[in-house]
Amino acid sequence: MFALLDGNNFFASCECVFRPRYKGLPLIILSNNDGCAIARSEAAKALGVKMGQPYFELLPLVHSHGLIALSANFSLYGDMSDRMMSIASAMGAESEIYSIDEIFCGLHGVRDVTRRAQAISERVLRGVGIPNCVGIGPTKTLAKLANHIAKSAERKPGSYPPHLGRVCNLAEISPEMFHYVLKQTPVGEIWGVGRKIAKRLAELNICTALDLSRMPLPMARKHFSVVLERTVLELQGIACMQLETQPPPKQQIACTRSFGHPVTTLPPLIQAVSEFATRAAEKLRKQEMRAGAINVFAHTSPFRSGARFYKSASVQLQPPSSDTKTLVNAAVRGISQIYEPGYQLSKAGVMLMDLCPGIEQQADLPFALPINARDASALMEAMDKINARFGKGAVHVASTGQAEKEKSEWRMKQERRTPQYTTSAGDIPIVRS
DNA sequence: TCTGGGGTCCTAGGACCC
DNA sequence: TCTGGGGTCCTAGGACCC
């Protein structure tokens, strides 16, 4: 038996903990560059704000209905998530943090499951301030469905019986009620069924969770894939997915961003990918891994007319590395290869691939360093610590050609008394204070 | 003017081999 | 020059998730 606890409107709820005056008001959280809505309060949903809707389309609501928009504060949400998870994981002996706002718990050996779930849900609300719902079922897919029912029954009167709100345990309802809730649930609400598959299923006259649970397995396999076949089995109560108590090692690490304004020249592009590579390298070292290749890409906006550009380059790293300087150099080389003038670039990013375990070894360092490899590795560790404490980019490796710009920016920032340090553009990264 | 970021898994198809 | 089945490996792209 599995339970899934999920924070309601998580990012919006986090903000309301610290700004209680926003409770009950239409509130949205905006993505990077305040591009679009990535979280919505109940009141914002009621105004018709869609997930991922661009902010400029929502400006009329800001004026007419007092819609409040906040820039995302991901470090806050990460902290709130940690606190929520530490309480919620007490629901069962084993747990799997599935996303920033969701946790699966294995309920093997737990007695009085529903009561316990109610108590934990209450504890999360009181202790962290995040309203939440719990779904319980014999498979992960059914626990997900139960969670959807728990949320909808509470928020949308008439969707499901009210007594299934907040905490919904599908294992203790009658077969008739189980049949009813499956029939009430559109197939697109099922975990693993997205827009495209829902549409194709509808063409086969499979429109509800009940229809899907009755789909012949060979048909699911033939017309779709093993993934959908598993979903059908899980809806029938046959568990195909186990709890992943240990997070599997990452296969890739990405850092990508949309630009606030279109980028048309190489220098800002180089600066951007240098920063992305630096962030990605930090994540890499946190995992104690090295990358065997780095992929760099840049593209124009898919939403705007004009000349299209969509290119990427892979740079092999032999030997694999987790050194910021090596990764930045490779990223710069890659972006310089693919760059072409004449395009309004809207987004770029780097992805670290072919990850392998291990921290940088002395023999792995491909460039000559007057300081020894252990020092270089210690330097990376020190950079990570400083950046963690003083904020991203407090210390970073400069790309070749950026040194003079760095210096003048640094002086300007010093004058404004903002703490800002940078490393030199030479072969030896030196922390300048 | 203005449209997120970070992942995973699966499949199809091509290249190549015997 | 054309004929065949079967296998592996790799990559690109599509679909999904939050």
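Throughout, a chain's letter reflects where its sequence line sits, starting with A, and its residues are numbered from 1. The figures here come from the full heavy-atom set of this structure, side chains too, leaving out hydrogens, waters and symmetry mates.
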A.B. asks: Looking at every strand, decide which applies to A:Tyr98 at a 4.0 Å heavy-atom threshold: base, sugar-phosphate, or nothing.
C.D. replies: sugar-phosphate

A.B. asks: If I take atom CG in residue A:Asp101 and atom P in nucleotide C:dC18, what distance separates them, rounded to the nearest angstrom?
C.D. replies: 9 Å

A.B. asks: Round to a whole Å and report the spacing from CG of A:Leu58 to C1' of B:dG4.
C.D. replies: 14 Å

A.B. asks: Does a nitrogen or oxygen in the side chain of A:Lys347 sit under 4.0 Å from OP1 or OP2 of B:dG5?
C.D. replies: yes

A.B. asks: Please say whether more than 12 non-hydrogen atoms of neighbouring residues, nucleotides or ligands are located less than 6.0 Å from NE2 in A:His108.
C.D. replies: no

A.B. asks: Does A:Gln251 have a side-chain nitrogen or oxygen under 4.0 Å from the phosphate oxygens OP1 or OP2 of B:dC9?
C.D. replies: yes

A.B. asks: Would you mind classifying the nucleic acid contact of A:Gly35 as base, sugar-phosphate or nothing, using non-hydrogen atoms under 4.0 angstrom?
C.D. replies: sugar-phosphate

A.B. asks: For B:dG6, does OP1 or OP2 lie under 4.0 Å from any side-chain N or O of A:Arg257?
C.D. replies: yes

A.B. asks: In whole angstrom, give the distance that lies between atom CZ of A:Phe74 and atom P of B:dG4.
C.D. replies: 12 Å

A.B. asks: Please, which pairs that meet salt bridge (Lys or Arg N to Asp or Glu O under 4.0 Å) have at least one residue in residues 326-354 of chain A, sequence neighbours excluded?
C.D. replies: A:Lys311-A:Glu340

A.B. asks: Let me know the distance between CD1 of A:Ile28 and P of B:dC2, rounded to the nearest Å.
C.D. replies: 18 Å

A.B. asks: Using heavy-atom distances to pick each residue's nearest nucleotide on DNA chain B, tell me which of A:Ala254 and A:Cys36 is more 5'.
C.D. replies: A:Cys36

A.B. asks: Output the rounded distance in Å from CD (A:Gln287) to C1' (B:dG6).
C.D. replies: 13 Å

A.B. asks: Checking A:Arg308 now: which residues fulfil side-chain contact (heavy atoms from CB on, under 4.5 Å) with it, not counting sequence neighbours?
C.D. replies: A:Thr300

A.B. asks: So which heavy atom on A:Asn9 is nearest to which on A:Arg155, and how close?
C.D. replies: OD1-NH2, 3.8 Å

A.B. asks: What does A:Phe303 touch in the nucleic acid at a heavy-atom separation under 4.0 angstrom: a base, only the sugar-phosphate, or nothing?
C.D. replies: base

A.B. asks: What residues in residues 193-212 of chain A put a non-hydrogen atom under 4.0 Å from any atom of DNA chain C?
C.D. replies: A:Val193, A:Gly194, A:Arg195, A:Lys196, A:Ile197

A.B. asks: May I ask you to check whether over 12 heavy atoms, not counting those of A:Glu122, lie within 6.0 Å of atom CD?
C.D. replies: yes

A.B. asks: Which part of the nucleic acid, if any, lies within reach of A:Glu102 when heavy atoms closer than 4.0 Å are counted: base, sugar-phosphate only, or nothing?
C.D. replies: sugar-phosphate

A.B. asks: Would A:Arg200 and A:Glu203 pass as an ion pair if we require N to O under 4.0 Å?
C.D. replies: no

A.B. asks: Is the ring pair A:His299/A:Tyr310 parallel, tilted or perpendicular, if the boundaries are 30 and 60 degrees?
C.D. replies: parallel

A.B. asks: Separation of A:Asp34 atom CG from B:dT3 atom C1', in whole Å?
C.D. replies: 12 Å

A.B. asks: Using a heavy-atom cut-off of 4.0 Å across all strands, would you classify A:Pro247 as base, sugar-phosphate, or nothing?
C.D. replies: nothing

A.B. asks: Can you check the A:Phe259 CZ to B:dG5 P distance for me, whole Å?
C.D. replies: 10 Å

A.B. asks: Hey, does A:Ile253 reach any base, or is it just sugar-phosphate, or nothing, if we go heavy atoms under 4.0 Å?
C.D. replies: sugar-phosphate

A.B. asks: Suppose you measure atom C1' in C:dC17 against the same atom in B:dG4; what distance do you get, rounded to whole Å?
C.D. replies: 14 Å

A.B. asks: Quick one: is B:dG6 close enough that its OP1 or OP2 comes under 4.0 Å of any side-chain N or O from A:Thr256?
C.D. replies: yes

A.B. asks: Using five pairs at either end of the helix from B:dG5-C:dC18 to B:dC18-C:dG5, determine the angle between the two local helix axes and round it to 10 degrees.
C.D. replies: 20°

A.B. asks: Does CZ in A:Arg115 sit with more than 12 non-hydrogen atoms of other residues, nucleotides or ligands closer than 6.0 Å?
C.D. replies: no

A.B. asks: Take atom CD1 of A:Ile190 and atom C1' of C:dC18, then tell me their distance rounded to the nearest Å.
C.D. replies: 17 Å

A.B. asks: Below 4.0 angstrom, which residues in residues 219-243 of chain A have at least one non-hydrogen atom near DNA chain C?
C.D. replies: none

A.B. asks: With A:Glu234, which residues qualify under salt bridge (Lys or Arg N to Asp or Glu O under 4.0 Å), at least two apart?
C.D. replies: none

A.B. asks: Which nucleotide in the set B:dT3, B:dG5, C:dC17 lies at the smallest distance from any side-chain heavy atom of A:Pro54?
C.D. replies: B:dT3

A.B. asks: Output yes when at least one side-chain N/O atom of A:Ser258 is less than 4.0 Å from OP1 or OP2 of B:dG5, else no.
C.D. replies: yes

A.B. asks: May I have the step-by-step check of side-chain hydrogen bond (donor to acceptor under 3.5 Å, both in side chains) for A:Glu172 and A:Thr114, ending in yes or no?
C.D. replies: CA-CA 9 Å; A:Glu172 66 177 21; A:Thr114 309; 3.0 Å; yes

A.B. asks: Could you please name the option among B:dT8, B:dG5, C:dC18 that lies closest to any side-chain atom of A:Asn32?
C.D. replies: B:dG5

A.B. asks: How is A:Lys50 classified with respect to the nucleic acid when contacts are heavy atoms under 4.0 Å: base, sugar-phosphate, or nothing?
C.D. replies: nothing

A.B. asks: Look at A:Asp6 together with A:Lys151 and state whether they make a salt bridge at an N to O cut-off of under 4.0 Å.
C.D. replies: yes

A.B. asks: What do you reckon, are the aromatic ring centroids of A:Trp191 and A:Phe104 less than 6.0 Å apart?
C.D. replies: yes

A.B. asks: Going by salt bridge (charged side-chain N to carboxylate O under 4.0 Å, His left out), A:Lys140 matches just one of A:Glu102, A:Glu96, A:Glu244. Which one?
C.D. replies: A:Glu96

